[in-house]
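Quick notes on the structure that follows.
Computed from a predicted model, the values in this text were never measured in an experiment.
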Amino acid sequence: MKHSFLDQYSEGNSLIHRLDPRTKLITTLCFILVVVLTPVSQWQAFALYFVLVATLIIISRVPVLYVLKRSLVIIPFVVMIAIFIPFFKEGEVAGSYNIWLWQLTVTHSGIQVLLNILAKAWLSILSLILLTAATRFSQLLRGMEQLRLPRVMVMIMSFMYRYIFVLVDEVMRMKQARDSRNLGGGRLRQIRTVGNMVGTLFIRSYERGERVYAAMMARGFDGQTRTLGNPVFGQRDFFFAMTLGLILVLAIVLNLWYL
Amino acid sequence: MHIPDGFLNAATVATTCAVSAGGIGGAVRIVGKKLGEKQVPLMGILAAFIFAAQMLNFPVAGGTSGHVIGAALAAILLGPWAAVLIMSCVLIAQSLIFQDGGLLALGANIFNMGIVASFSAYYIYKLVTWLAGANRRGTLIGGFVAAWFSVFLASIFCAIELALSGSSPFGVVLPAMAGVHALIGIGEGLITGAVLGLVLATRADLLQLQRT
């Protein structure tokens with residue numbers, strides 16, 4: 001299997017890795033909340049958040065280059081949604097262009113809002129990458145279960161995680177088979193081929209699901225899952241959460257102060 | 001259509017999270033009653049299937065490509081509540097593992113691509129198969145129309161959320177999102193139709209699933 005890249009650094013042994021997954025989930029959520037609610041003009045605050053995330057990434061010993069690369073993969077999708085913003089905010093005009101039929105004007109405040117949203121999205125993405133890079137997915141699921149996510153969902157997700165790799169392998173084989181047969185023709189034909197691939201994948205997945213369920217029944221599955229060792233919320237978690245919480249509260253206070 | 005963090009304001013985040021949490025709660029209760037926990041392995045593998053199917057891109061127009069959302073397919077084959085549950089799991093995992101869609105925006109994303117897409121697809125499919133007859137042709141047309149509407153309506157809700165948050169003006173984001181997704185919806189519709197055709201030809205019993 002070639003896809004163990006999903007959480008390849010989650011077996012580390014840094015302070016961040018050893019924290020209770022609940023601590024990490026909640027602090028990440030609080031961090032993103034504070035970042036998103038920061039007013040547009042507070043550049044110092046964004047610098048502070050960046051330093052905070054960067055410090056945590058360095059402490060976690062997850063390679064910085066890996067985090068950067070992962071975050072840059074997402075940014076194009078963010079830009080795609082954000083691209084309209086600078087053209088339609090009212091304010092001082094920064095530039096005006098004639099493109100084909102449209103008269104486009106870019107305003108300073110529009111650009112500011114755009115950069116601001118990009119910064120927020122990027123900081124949130126960095127913190128999420130740190131969360132998943134420094135936590136095994138099974139641990140994350142355990143944390144979510146302890147935080148009262150419905151059990152059915154936790155179980156669905158743990159099965160899903162187990163079989164993603166199998167199915168992605170399957171998709172890659174199908175893609176290779178398609179490409180090596182020189183798929184051509186019009187768009188409709190190509191879509192039909194993809195449709196048949198998805199259909200085949202669906203039936204194979206479904207039948208695999210039936211087999212897995214039958215195998216589990218044969219081994220005495222009764223709808224319960226049993227696991228060893230729950231993570232414990234210890235002193236380490238307490239101090240980590242307090243420190244991060246204080247920094248975030250400080251950031252909020254400073255934001256209000258300068259407003 | 002995955003909204004990242006930073007685009008939605010506090011009110012939109014709070015509202016969509018509350019609605020989605022309620023929807024998931026309902027789905028957990030109803031699916032638990034109807035299917036039972038014994039169906040969990042199957043739903044987990046189907047969630048992985050949707051995850052994998054989203055990797056298959058198809059050409060849309062002018063060099064861009066789209067991929068299926070899969071909500072319509074899940075809703076038609078397993079019923080709307082199970083589809084909501086599966087899509088929520090897929091979206092949570094996508095947000096956490098691939099950072100595709102934000103954590104705070106998860107409420108909005110689950111609402112658009114889970115709840116809106118699943119329910120619209122399910123009821124439109126019901127309506128069309130009722131009008132066109134429950135035969136092969138009716139199933140294929142129903143699948144196409146339902147999938148197209150699921151994508152289109154999800155994109156409209158996405159645009160409304162972005163506009164309400166002040167990220168983009170309504171007059172721009174709505175036609176842009178709806179226009180692009182009207183095209184992507186055709187691909188989703190054709191693929192959903194093709195999948196249903198294949199399922200009908202090989203495992204027709206699966207389509208009876210949610211009727212029993």
The interface call for B:Val13 against chain A, heavy-atom contacts under 4.5 Å, is neither

>> If only side-chain N and O atoms count, and only distance matters, is there a donor-acceptor pair under 3.5 Å linking B:Gln94 with B:Asn109?
In response: no

So, the part of B:Phe51 with a heavy atom under 4.5 Å from chain A: the answer is side chain

Applying a strict 4.5 Å limit to non-hydrogen atoms, the region of B:Ser95 in contact with chain A is both

Could you go through the salt bridge (charged side-chain N to carboxylate O under 4.0 Å, His left out) check for A:Glu170 and A:Lys175 one step at a time?
-> CA-CA 9 Å; A:Glu170 192 103 45; A:Lys175 264 185 166 168; over 6 Å; no

Whatever's closer than 4.5 Å to a heavy atom in chain B on A:Thr200 counts as both

message = Whether A:Glu210 and B:Arg203 form a salt bridge (side-chain N of Lys/Arg under 4.0 Å from carboxylate O of Asp/Glu) is what I want to check.
response = yes

Applying a strict 4.5 Å limit to non-hydrogen atoms, the region of B:Val28 in contact with chain A is side chain

If you tally heavy-atom pairs under 4.5 Å between each of B:Leu190, B:Leu96, B:Val199, B:Thr202 and chain A, the highest tally belongs to B:Leu96

Ranked by heavy-atom pairs below 4.5 Å to chain B, first place among A:Leu123, A:Ile125, A:Ile32 goes to A:Ile32

Checked A:Leu29, A:Val35, A:Leu128 vs chain B; the most non-hydrogen pairs under 4.5 Å come from A:Leu128

When you measure from the side chain of B:Glu161 to the backbone of B:Leu8, do you find a donor-acceptor pair of N or O atoms at a distance under 3.5 Å?
no

One option among A:Asn196, A:Val212, A:Ile129, A:Leu37 has the most heavy-atom pairs under 4.5 Å with chain B, and it is A:Ile129

Ranking A:Leu33, A:Thr38, A:Leu131, A:Val73 by heavy-atom pairs under 4.5 Å to chain B gives rank one to A:Leu33

Whatever's closer than 4.5 Å to a heavy atom in chain A on B:Leu46 counts as side chain

Whatever's closer than 4.5 Å to a heavy atom in chain A on B:Ile24 counts as side chain

* Begin from the C-alpha positions of B:Phe7 and B:Thr12 and carry the test side chain to side chain contact (heavy atoms under 4.5 Å, CB included) through to its verdict. => CA-CA 10 Å; B:Phe7 283 81; B:Thr12 315; over 6 Å; no

With sequence neighbours left out, the residues meeting ring pair (Phe, Tyr, Trp, His ring centres under 6.0 Å) with B:Phe152 are B:Trp148

| task | Return yes if some donor-acceptor pair links the side-chain N/O of A:Lys24 with the main-chain N/O of A:Ala134 below 3.5 Å, else return no. | result | yes

Taking the six-membered ring for Trp, are the ring centroids of A:Tyr49 and A:Trp122 within less than 6.0 Å of each other?
no

If one checks every heavy atom of A:Met144 against chain B at 4.5 Å, the contacting part turns out to be side chain

Q) Between the side chain of B:Ser118 and the main-chain N/O of B:Ala75, is any donor-acceptor distance below 3.5 Å? A) no

Ranking B:Ala194, B:Gly44, B:Ala10 by heavy-atom pairs under 4.5 Å to chain A gives rank one to B:Gly44

